[in-house]
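Before any comments, here is the structure.
Residue numbering restarts at 1 for every chain, and letters A, B, ... go by the order of the sequence lines.
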Amino acid sequence: MSDNNGVRVRMAPSPTGSPHVGLVRTALYNWAFARHHGGTFVFRIEDTDAARNTEESYNSIIELMRWLGLDWDEGPEVGGPHAPYRQSERADLYADALARLRASSHTYECYCTTAEVDARRKASGSKVMGYDGFCRELTSEQVAAFEAEGRRPIVRFRMPEGTITWDDLVRGEISFETQFVPDYALCRANGEPLYTLVNPVDDALMEITHVLRGEDLLSSTPRQIALYDALIEIGLTDSTPRFGHLPYVMGEGNKKLSKRDPEAHALAYRDNGFLPEGLLNYLALLGWAIAADRDIFTLEEMVEAFDIGDVNPNPARFDMKKAEAINAAHMRLLSVEDITHRALPFLKADGVVGDPVHDSDAQLLELAMPLVAERINKLTEASAMLGFLFVAEEAFEVDAADAEKLLDEKGLDVVKAAHDALVDLHPWSTDAIQTALQGALVDGLGLKPRVAFGAVRVAVTGRRVSPPLFESMELLGRDRSLGRLQRALG
RNA sequence: GCCCCCGUCGUCUAGCGGCCUAGGACGUCGCCCUCUCACGGCGGUAACGCCGGUUCAAAUCCGGUCGGGGGUACCA
């Protein structure tokens, strides 16, 4: 056994396709559980199905975990006492475990084809699906006959009789009659081990004490517990972990969030301007609450408060609106410097600033970011808000729809008046600009502020939605501001 | 079909027998703030699936029922 109260949890994704937000939630709960108890968080890759696994998917998962900041104590890239942590590199261990299981007659060779099993079930009228145990007690003559036919056997686990019960960490006591849990396959006819074998064997070998996983694995738990009993018997481990089955993360309607749903892809949140702390906070809320009247918290606060016993067993619907609201709350917790730093990659990608950033742009950004930091809810929104400040004059464009709405004949009169009021203004400061425009347009022309400044805003920033107008004009400078007013007038 | 899980506002949840004429958040509606947007403030809207039982007392415990989900692979 290891230190830290012995708490050892793991997350064990299969690298197939792009990582799902459900995986993130599972990883988060495992991580928080480990950190709360001062235990060990193990990261293991379950890539036993060579036909479905991809290196690209594996890389995405690593990238995702790094972005989220969920660090692991043992696993790929960091190693550990139970290395390797990719199942594709642990074949010897499984072969050995399987050999010992076979030697202790916890298993048997099965020569049946799926079609034969189905046919027998139909004939018998049995209500239990799955394997019927036909090959449990084969005579050596029968075996010889099957071998002579060229059949290659798979290895099945022999389920014991009786009731299997466990105290689920999130659902309480659950029990299954083993008559409803058929003998299942541990490895393919070609010798490749299956999930049913490698998952418990690795959990045993890695001394996992608590298995927190999706509800979809709940019905496979009785056979894992039975296997564990066998593993204890052959001396491969000395105890069975505790299980906790986490509720589903669902999409629209009543179905599990599928890979087809765009909101299912975890890395897409990063690309769409989410903060890792925002996504994590939202996902934590899907099944757990830190307090009756609080939604916003940091990872540290979650670690402090997390109790697996408090996890709600109900499936939870993913709500993008709330996810964005939680993210927005975290944006407001960030300093302007931090937001600037995090928005920079998006500004570069959108061509708002160059890469590397010119000194003049960096300076302008430092002055402009305070104006937009509190009015964006995602990092991606920074580009549209700031673009007008950085764009070269010859490339500056006014949004056509906004122009049509606000730069009509009346709007252009306003722009003309604004230009006249500003052309000799000194100094070119926010206060002076505001005073001049207020005097000329609101007091002078008797316009409502939103009408007066709306037209000027579109002419100068190119959009109806922008940072505060007067500050923006100060940053833009006299020449560019007046030039754009002039240009709007044709 | 059979086995298992789940059931509080539209959504996420608090609630673990009396504090509940059920609290918070998102959404939504109205108002305020306001140069746009965002923020912020105030107020409204809206839920214990149903039926029995236990109890002085049930959203909370038990049974049934209905509804939803998952499993039933030589996938994980």
Rounded to the nearest Å, what distance is computed from the [atom1] atom of residue [X] to the [atom2] atom of nucleotide [N]?
{"X": "L371(A)", "N": "rC39(B)", "atom1": "CG", "atom2": "C1'", "result": "14 Å"}
{"X": "R223(A)", "N": "rA76(B)", "atom1": "CZ", "atom2": "P", "result": "10 Å"}
{"X": "D399(A)", "N": "rC37(B)", "atom1": "CG", "atom2": "C1'", "result": "14 Å"}
{"X": "L186(A)", "N": "rA76(B)", "atom1": "CG", "atom2": "P", "result": "12 Å"}
{"X": "D203(A)", "N": "rA76(B)", "atom1": "CG", "atom2": "C1'", "result": "13 Å"}
{"X": "D402(A)", "N": "rC35(B)", "atom1": "CG", "atom2": "P", "result": "19 Å"}
{"X": "Y248(A)", "N": "rC4(B)", "atom1": "OH", "atom2": "P", "result": "16 Å"}
{"X": "L386(A)", "N": "rA38(B)", "atom1": "CG", "atom2": "C1'", "result": "14 Å"}

By the 4.0 Å heavy-atom rule, please label [X] as base, sugar-phosphate, or nothing.
{"X": "L469(A)", "value": "base"}
{"X": "R464(A)", "value": "base"}
{"X": "E46(A)", "value": "sugar-phosphate"}
{"X": "S14(A)", "value": "sugar-phosphate"}
{"X": "E471(A)", "value": "base"}
{"X": "S126(A)", "value": "nothing"}
{"X": "P315(A)", "value": "sugar-phosphate"}
{"X": "S175(A)", "value": "sugar-phosphate"}

Considering only [options], which nucleotide approaches the side chain of [X] most closely?
{"X": "N377(A)", "options": "rA38(B), rC35(B), rA76(B)", "answer": "rA38(B)"}
{"X": "D49(A)", "options": "rC75(B), rC35(B), rG70(B)", "answer": "rC75(B)"}
{"X": "L194(A)", "options": "rC37(B), rC35(B), rA76(B)", "answer": "rA76(B)"}
{"X": "R375(A)", "options": "rU72(B), rC74(B), rC37(B)", "answer": "rC37(B)"}
{"X": "F176(A)", "options": "rG40(B), rC3(B), rA76(B)", "answer": "rC3(B)"}
{"X": "A189(A)", "options": "rC74(B), rC2(B), rA76(B)", "answer": "rC74(B)"}
{"X": "P313(A)", "options": "rA76(B), rU36(B), rC6(B)", "answer": "rC6(B)"}
{"X": "N314(A)", "options": "rC37(B), rU8(B), rA14(B)", "answer": "rU8(B)"}
{"X": "R317(A)", "options": "rC12(B), rU72(B), rC5(B)", "answer": "rC12(B)"}

Polar pair under 3.5 Å, donor/acceptor by atom type, side chain R121(A), base rU72(B): no

Donor-acceptor pair under 3.5 Å, R457(A) side chain vs rC35(B) base: yes

Gap between atom [atom2] of [Y] and atom [atom1] of [X] - 0.5 Å precision:
{"X": "H330(A)", "Y": "L280(A)", "atom1": "NE2", "atom2": "CG", "result": "9.0 Å"}
{"X": "D229(A)", "Y": "H106(A)", "atom1": "CG", "atom2": "NE2", "result": "8.5 Å"}
{"X": "L246(A)", "Y": "L286(A)", "atom1": "CG", "atom2": "CG", "result": "11.5 Å"}

[atom1] gap between [N] and [M], integer Å:
{"N": "rA46(B)", "M": "rG41(B)", "atom1": "C1'", "result": "22 Å"}
{"N": "rC6(B)", "M": "rU13(B)", "atom1": "C1'", "result": "15 Å"}
{"N": "rG44(B)", "M": "rU8(B)", "atom1": "P", "result": "25 Å"}
{"N": "rG17(B)", "M": "rA25(B)", "atom1": "C1'", "result": "27 Å"}
{"N": "rG69(B)", "M": "rC33(B)", "atom1": "C1'", "result": "47 Å"}
{"N": "rC62(B)", "M": "rU54(B)", "atom1": "P", "result": "15 Å"}
{"N": "rU65(B)", "M": "rC56(B)", "atom1": "P", "result": "28 Å"}
{"N": "rG63(B)", "M": "rC4(B)", "atom1": "P", "result": "13 Å"}

Centroid-centroid under 6.0 Å between W288(A) and F297(A) rings: yes

Aromatic ring proximity Y282(A)/F318(A), centre distance under 6.0 Å: yes

Checking base pairs now: Watson-Crick or wobble, both atom distances under 3.5 Å. What partners [N]?
{"N": "rC66(B)", "answer": "rG7(B)"}
{"N": "rU54(B)", "answer": "none"}
{"N": "rU72(B)", "answer": "rG1(B)"}
{"N": "rC48(B)", "answer": "none"}
{"N": "rG43(B)", "answer": "rC29(B)"}

Electrostatic pair D203(A)-R10(A), nearest N-O below 4.0 angstrom: yes

Close side-chain approach of V211(A) and L217(A), heavy atoms under 4.5 Å: no

Flag side-chain contact, heavy atom, 4.5 Å: L469(A) against M473(A): yes

Is any side-chain nitrogen or oxygen of [X] closer than 4.0 Å to OP1 or OP2 of [N]?
{"X": "R171(A)", "N": "rC4(B)", "value": "no"}
{"X": "T196(A)", "N": "rA76(B)", "value": "no"}
{"X": "N312(A)", "N": "rG15(B)", "value": "no"}

Exercise: do R188(A) and T48(A) side chains pair donor with acceptor under 3.5 Å: no

Distance under 6.0 Å and angle within 45° of ring axis: R156(A) vs Y131(A): yes

R223(A) to Y184(A), cation-pi by 6.0 Å centre distance and 45° axis angle: yes

Output one line per pair: protein atom, nucleotide atom from nucleotides 23-27 of chain B, and distance, for all N/O pairs under 3.5 Å.
{"unit_1": "rG23(B)", "atom_1": "N2", "unit_2": "A292(A)", "atom_2": "O", "d": "2.9"}
{"unit_1": "rA25(B)", "atom_1": "O4'", "unit_2": "D295(A)", "atom_2": "OD2", "d": "3.3"}
{"unit_1": "rA25(B)", "atom_1": "O2'", "unit_2": "D295(A)", "atom_2": "OD2", "d": "2.6"}
{"unit_1": "rA25(B)", "atom_1": "N3", "unit_2": "K322(A)", "atom_2": "NZ", "d": "2.9"}
{"unit_1": "rC26(B)", "atom_1": "O2'", "unit_2": "K322(A)", "atom_2": "N", "d": "3.3"}

First encountered from the 5' end of RNA chain B, between V170(A) and R156(A): V170(A)

Residue mapping more 5' on RNA chain B - nearest nucleotide basis, D310(A) or F318(A): F318(A)

side-chain hydrogen bond (donor to acceptor under 3.5 Å, both in side chains) pairs, two or more places apart, involving residues 17-30 of chain A: S18(A)-H265(A)

